[in-house]
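Just so you know, ligand 1 is whichever comes first in the structure, and atom 1 is the first atom listed for that ligand.
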Amino acid sequence: MATNRTFTMIKPEAVANGDMGKIIDMIIEAGFKIKAMKLTRLTPERAGEFYEVHKERPFYGELVEYMSSGPIVAAVLEKENAVADFRKLIGATDPSEAEEGTIRKRFAKSKAENAVHGSDSDENAEIESNFHFSADEIVG
Ligand code: CMP
């Protein structure tokens, strides 16, 4: 996949709170094009697989339980410098450290319930996009 793409999930508490429209609007306003999007739900097994890199972390069990607790929105986004620009738009993992105007500052509840996920590298953006979408679900 081109390096101008990133992957995001709008997490269960943000979907449950009815914030997904506002979050998608912020993403589009920031210049990202949506190349794939779906409302879906992760089983605990799939959530565990997605976050496997955090398996040894103390919060892994809580993270898997939370990410499988309700529907999420998964999406592939495109923009020049997508990974870095999207991480800037979402803000720090801990919302108390997130800058004003970021998605997490506005919608996240805590470090665990932090409203959105954003890929941390081009390589992971591709792996995470392929985890959720088949090639024909991502528009060219
Ligand atoms: P995300 O960007 O999806 O990537 C890993 C996730 O782990 C992160 O967002 C948080 O939801 C979660 N996370 C990271 N650190 C902590 C922590 N200290 N306590 C609980 N959850 C965490």
Side-chain angles (χ1 to χ4, degrees):
M1 192 201 295
T3 57
N4 56 353
R5 288 189 182 170
T6 191
F7 171 79
T8 187
M9 291 184 287
I10 302 176
K11 298 188 178 186
E13 102 279 7
V15 173
N17 288 338
D19 292 331
M20 77 186 198
K22 286 171 244 164
I23 292 173
I24 293 166
D25 202 36
M26 283 179 77
I27 292 170
I28 293 169
E29 284 292 313
F32 291 87
K33 298 247 180 300
I34 296 171
K35 305 304 281 184
M37 179 170 272
K38 67 179 155 199
L39 181 70
T40 185
R41 186 168 178 159
L42 291 168
T43 60
E45 291 71 28
R46 290 269 294 163
E49 201 185 324
F50 185 88
Y51 281 113
E52 198 153 16
V53 337
H54 297 302
K55 209 170 181 166
E56 305 307 324
R57 304 279 195 99
F59 57 81
Y60 178 71
E62 182 195 350
L63 176 62
V64 168
E65 190 182 335
Y66 162 59
M67 287 302 296
S68 55
S69 68
I72 59 156
V73 174
V76 178
L77 306 174
E78 190 171 270
K79 182 184 185 293
E80 210 173 290
N81 204 27
V83 167
D85 283 5
F86 192 68
R87 284 175 77 81
K88 210 176 290 170
L89 176 66
I90 66 180
T93 305
D94 184 341
S96 69
E97 292 166 12
E99 281 182 38
E100 286 300 332
T102 60
I103 292 175
R104 283 174 172 157
K105 182 72 179 181
R106 190 165 162 202
F107 298 106
K109 304 277 171 279
S110 66
K111 209 167 178 176
E113 298 192 346
N114 65 354
V116 282
H117 167 79
S119 305
D120 63 3
S121 66
D122 292 338
E123 188 192 1
N124 283 336
E126 180 161 8
I127 292 168
E128 292 170 0
S129 297
N130 293 339
F131 183 91
H132 282 274
F133 297 99
S134 58
D136 65 354
E137 289 177 311
I138 303 173
V139 299

Between the side chain of Ser119 and the main-chain N/O of Phe7, is any donor-acceptor distance below 3.5 Å?
yes
Who are the salt bridge (Lys or Arg N to Asp or Glu O under 4.0 Å) partners of Lys111, not counting sequence neighbours?
none
Show me a pair-per-line table, with atom names and distances to 0.1 Å, of protein N or O atoms that are under 3.5 Å from an N or O of ligand 1.
{"from": "ligand 1", "atom 1": "2 (O)", "to": "Arg104", "atom 2": "NH2", "distance (Å)": "3.3"}
{"from": "ligand 1", "atom 1": "2 (O)", "to": "His117", "atom 2": "ND1", "distance (Å)": "3.4"}
{"from": "ligand 1", "atom 1": "3 (O)", "to": "Lys11", "atom 2": "NZ", "distance (Å)": "2.7"}
{"from": "ligand 1", "atom 1": "3 (O)", "to": "Tyr51", "atom 2": "OH", "distance (Å)": "2.7"}
{"from": "ligand 1", "atom 1": "3 (O)", "to": "His117", "atom 2": "ND1", "distance (Å)": "2.9"}
{"from": "ligand 1", "atom 1": "9 (O)", "to": "Lys11", "atom 2": "NZ", "distance (Å)": "3.0"}
{"from": "ligand 1", "atom 1": "9 (O)", "to": "Asn114", "atom 2": "ND2", "distance (Å)": "3.2"}
{"from": "ligand 1", "atom 1": "11 (O)", "to": "Lys11", "atom 2": "NZ", "distance (Å)": "3.0"}
{"from": "ligand 1", "atom 1": "11 (O)", "to": "Lys111", "atom 2": "O", "distance (Å)": "3.4"}
{"from": "ligand 1", "atom 1": "11 (O)", "to": "Ala112", "atom 2": "O", "distance (Å)": "3.2"}
{"from": "ligand 1", "atom 1": "11 (O)", "to": "Asn114", "atom 2": "OD1", "distance (Å)": "3.4"}

How close do Tyr66 and Asn114 get, heavy atom to heavy atom, and via which atoms?
OH-N, 4.3 Å
Heavy-atom pair of closest approach, residues Ala125 and Val83:
CB-CG2, 4.2 Å
I want to check a possible cation-pi pair here: Lys79 against Phe86, using under 6.0 Å from ring centre and within 45° of the ring axis as the test.
no
State the NZ-CD1 distance between Lys33 and Ile28, to the nearest 0.5 angstrom.
9.0 Å
